[in-house]
**Student:** 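Starting off with a structure, shown below.
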Amino acid sequence: MADSAGDPVAEAPGGGRVPRPRKVVVVVCDSLGVGEAPDAADYGDAGANTIAHTARAVGGLALPNLGAWGIGLLTGIEGVRAADAPAGVVARMVERSAGKDTTTGHWEMMGVVLDEPFPTFPDGFPAAVIDAFSRAIGKGVLGNVPASGTEIIKQLGAEHLATGKPIVYTSADSVFQIATHKRVVPLERLYEWSETARRLLTGPNAVGRVIARPFDGEPGAFQRTKERRDYALPPAGPTVLEALEKAGVRTLGVGKIEDIFSGRGLSGSDHTGDNPSSLDATVRFLRAADAPTLVFANLVDFDMVYGHRRDAPGYGRCLEELDARLPEVVAELGDDDWVLLTADHGCDPTAPGTDHTRELVPMVAFSPGGTAGTRLADRSSFADLGATVADLFGVEPVGPGRSFAAELRRQAR
């Protein structure tokens with residue numbers, strides 16, 4: 001359907017018309033959970049609430065933009081009022097897939113739901129896997145245990161410097177991680193080793209991701225660097241990204257989106273390494289958009305730098321820094337455009353251990369042209385977000401998601 005000027009529109013409840021956007025930006029705050037999922041206890045995560053517990057730990061958060069959009073309606077957040085008349089539309093989303101990792105969460109957003117979780121290795125990888133990897137790279141490995149990335153380089157970094165053997169480790173997630181010092185193993189060689197591991201890890205050993213983890217510094221002061229790369233399995237089915245790209249929508253990934261989807265369904269990407277550079281790239285992509293465009297950005301610092309390290313003050317600062325930069329993103333949007341902020345799982349920085357937490361995630365939608373200003377009922381799958389993005393662009397959705405596009409703006413302007 002089109003209006004008198006020929007611009008495409010969609011029907012909204014009550015007969016209102018919702019003009020199609022030129023730009024939609026999906027911002028994934030990696031690990032920003034908003035409360036325990038219905039099955040959290042099955043994962044050992046009863047009571048988890050990443051944003052609420054972060055706020056409580058730091059004595060309150062200052063989130064004027066997210067607060068005005070309505071995030072305080074989703075869970076109690078110290079310092080953030082539950083807006084009486086929110087400027088945005090908000091909801092909580094439930095993960096239907098089995099698991100609580102990055103790949104699973106992002107795939108579900110784009111229409112791929114997993115009935116079985118990726119394999120995990122709480123006792124390290126089988127000898128056959130390590131032997132095959134060692135033969136392929138021409139040297140043995142250190143570690144082969146579940147561990148915190150920062151802790152294992154403290155423990156084994158000096159031995160790595162002396163032997164050149166890579167540090168291999170895993171976690172509660174389905175990951176095969178390879179840590180090497182940049183002075184000992186050039187980045188390109190680390191990436192080659194990671195690609196080798198990806199090829200070898202098949203069948204029952206097919207982890208969700210192989211992660212290259214470079215680090216630098218001296219013993220006692222090692223630091224992980226920003227040249228991380230993720231080598232994920234290809235999506236286990238067709239995605240909304242592919243449908244959008246096929247329909248002529250420009251699809252641009254920011255951060256590790258390219259890795260998570262193995263480049264599929266993306267017209268271009270910027271493999272940024274932290275939140276500031278990811279937000280810079282997001283703004284740049286939106287500013288340059290001259291045709292229907294989706295920008296799909298992952299903000300990794302919440303999870304990688306603060307969540308796993310159980311650094312609640314750092315997590316809180318990171319949220320406030322994002323909130324302060326949201327006006328830059330909104331400034332690049334027209335009245336018919338949308339920003340959708342969400343997460344892929346939780347990582348409660350006050351929870352025991354260092355792993356992700358099985359949580360509900362936020363959906364916070366805002367448009368400069370106005371919104372319905374309401375909280376929607378909980379969504380039964382992350383896939384509803386991808387279905388909504390497809391619907392906004394007038395593209396047939398992929399997967400089981402149910403669009404809520406018509407509920408974003410209830411009245412024609």
Side-chain angles (χ1 to χ4, degrees), residues 101-103 118-233 255-256 258-260 262-263 271-274 277 300-301 303-305 308-309 354-355:
D101 61 274
T102 292
T103 302
F118 292 117
T120 56
F121 298 88
D123 300 316
F125 296 97
V129 168
I130 296 300
D131 291 346
F133 179 65
S134 296
R135 287 194 301 271
I137 67 171
K139 60 181 64 205
V141 307
L142 304 175
N144 188 28
V145 293
S148 157
T150 53
E151 290 303 314
I152 201 165
I153 62 175
K154 288 180 184 177
Q155 296 167 7
L156 298 178
E159 187 176 354
H160 164 68
L161 290 177
T163 65
K165 295 178 179 179
I167 301 169
V168 171
Y169 64 105
T170 187
S171 72
D173 293 330
S174 182
V175 290
F176 184 102
Q177 304 190 81
I178 308 171
T180 59
H181 196 287
K182 292 171 65 175
R183 191 170 69 234
V184 175
V185 178
L187 285 173
E188 289 308 315
R189 187 179 305 160
L190 171 59
Y191 298 155
E192 289 172 4
W193 288 355
S194 300
E195 291 169 359
T196 296
R198 179 72 279 171
R199 290 193 299 271
L200 292 172
L201 291 161
T202 59
N205 300 316
V207 296
R209 287 177 294 160
V210 173
I211 306 179
R213 294 281 199 178
F215 66 99
D216 208 343
E218 301 300 327
F222 290 131
Q223 291 185 333
R224 296 199 295 194
T225 63
K226 297 177 181 179
E227 296 92 353
R228 161 185 170 158
R229 290 289 185 272
D230 292 43
Y231 299 82
L233 290 169
K256 59 183 181 180
E258 176 184 25
D259 295 341
I260 293 167
S262 299
H271 202 301
T272 50
D274 57 19
S277 61
V300 70
D301 287 353
D303 188 57
M304 182 178 72
V305 179
H308 284 298
R309 299 182 191 181
T354 62
D355 299 320

**Student:** Side-chain contact, heavy-atom cut-off 4.5 Å: I260 with D230?
**Tutor:**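 When only atoms from C-beta onward are counted, D230 and I260 do not touch, as no gap falls below 4.5 Å.
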
**Student:** Of all the heavy-atom pairs spanning F215 and A179, show the shortest one and how long it is.
**Tutor:**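 Where F215 meets A179 most closely, the heavy atoms are CE2-C, 3.9 Å.
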
**Student:** Are the side chains of L233 and R198 in touch, meaning some heavy atoms are under 4.5 Å apart?
**Tutor:**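 When only atoms from C-beta onward are counted, R198 and L233 do touch, with a gap below 4.5 Å.
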
**Student:** Identify the two heavy atoms, one from A206 and one from P119, that lie closest to each other, and give their separation to 0.1 Å.
**Tutor:**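 Minimum heavy-atom contact is O-CD, 3.3 Å.
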
**Student:** Quick one, F121 and V207 - any side-chain contact, counting heavy atoms below 4.5 Å?
**Tutor:**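 Answer yes - side chains close enough.
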
**Student:** Could you please spell out the steps behind the salt bridge (Lys or Arg N to Asp or Glu O under 4.0 Å) verdict for R183 and E218?
**Tutor:** CA-CA 10 Å; R183 191 170 69 234; E218 301 300 327; 3.0 Å; yes

**Student:** Please determine which of L190, D259, I211 meets the side chain to side chain contact (heavy atoms under 4.5 Å, CB included) test together with R228.
**Tutor:**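 Among L190, D259, I211, the one meeting side chain to side chain contact (heavy atoms under 4.5 Å, CB included) with R228 is I211.
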
**Student:** Determine the minimum heavy-atom distance between R309 and M304, stating which atoms define it.
**Tutor:**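 What the structure gives for the nearest pair is NE-O, 3.7 Å.
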
**Student:** Go through the structure and list residues passing side-chain hydrogen bond (donor to acceptor under 3.5 Å, both in side chains) with E151, not counting sequence neighbours.
**Tutor:**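 E151 satisfies side-chain hydrogen bond (donor to acceptor under 3.5 Å, both in side chains) with K154 once adjacent residues are dropped.
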
**Student:** Main chain of V175, side chain of T170: is a donor-acceptor contact present, judged purely on distance under 3.5 Å?
**Tutor:**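 Pair found, side chain donor or acceptor close to backbone of V175.
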
**Student:** Can you measure from CG (D216) to OG1 (T180) and round to the nearest 0.5 angstrom?
**Tutor:**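 Answer for the CG-OG1 pair, D216 versus T180, is 10.5 Å.
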
**Student:** For residues S171 and D355, determine if any side-chain heavy atom of one lies less than 4.5 Å from a side-chain heavy atom of the other.
**Tutor:**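 In short, these two side chains touch, coming nearer than 4.5 Å.
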
**Student:** Ignoring hydrogens, what is the shortest heavy-atom contact between A232 and S262? Give both atom names and the distance.
**Tutor:**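 In terms of heavy atoms, the two residues are closest at O-OG, 3.2 Å.
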
**Student:** Please report the closest heavy-atom contact between S194 and Y231, naming both atoms and the distance.
**Tutor:**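 Looking at all heavy atoms of both residues, the shortest contact is CB-CE1, 3.4 Å.
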
**Student:** Would you check if the distance from the ring center of H160 to the ring center of F222 is below 6.0 Å?
**Tutor:**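 They do not qualify: ring centres at least 6.0 Å apart.
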
**Student:** Is the closest side-chain heavy-atom distance between K256 and R209 below 4.5 Å?
**Tutor:**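 Contact flag for K256/R209 side chains = yes.
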
**Student:** Nearest 0.5 Å, please: how far is NE2 in H271 from CD in E258?
**Tutor:**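 Answer for the CD-NE2 pair, E258 versus H271, is 6.0 Å.
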
**Student:** From I152 CD1 over to L142 CG, what is the distance, rounded to the nearest 0.5 angstrom?
**Tutor:**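 Interatomic distance, I152 CD1 to L142 CG, rounded to 0.5 Å: 8.5 Å.
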
**Student:** Using the ring-ring contact (aromatic ring centres under 6.0 Å, His included) rule, take F176 and F133 through it: C-alpha gap first, then chi angles, then the decisive distance, then the call.
**Tutor:** CA-CA 11 Å; F176 184 102; F133 179 65; 5.5 Å; yes

**Student:** Main chain of D274, side chain of D301: is a donor-acceptor contact present, judged purely on distance under 3.5 Å?
**Tutor:**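 Not a single qualifying donor-acceptor pair exists.
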
**Student:** Can you tell me how far CD1 of I167 sits from CG of N144, rounded to the nearest 0.5 angstrom?
**Tutor:**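 It comes to 12.5 Å.
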
**Student:** Using every non-hydrogen atom in the two residues, find where T163 and K139 come nearest and quote the distance to one decimal.
**Tutor:**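 Closest approach of T163 to K139, heavy atoms only: O-NZ, 4.4 Å.
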
**Student:** Please tell me if the side chains of V185 and W193 come closer than 4.5 Å, counting only heavy atoms from C-beta onward.
**Tutor:**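 Yes, side chains in contact.
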
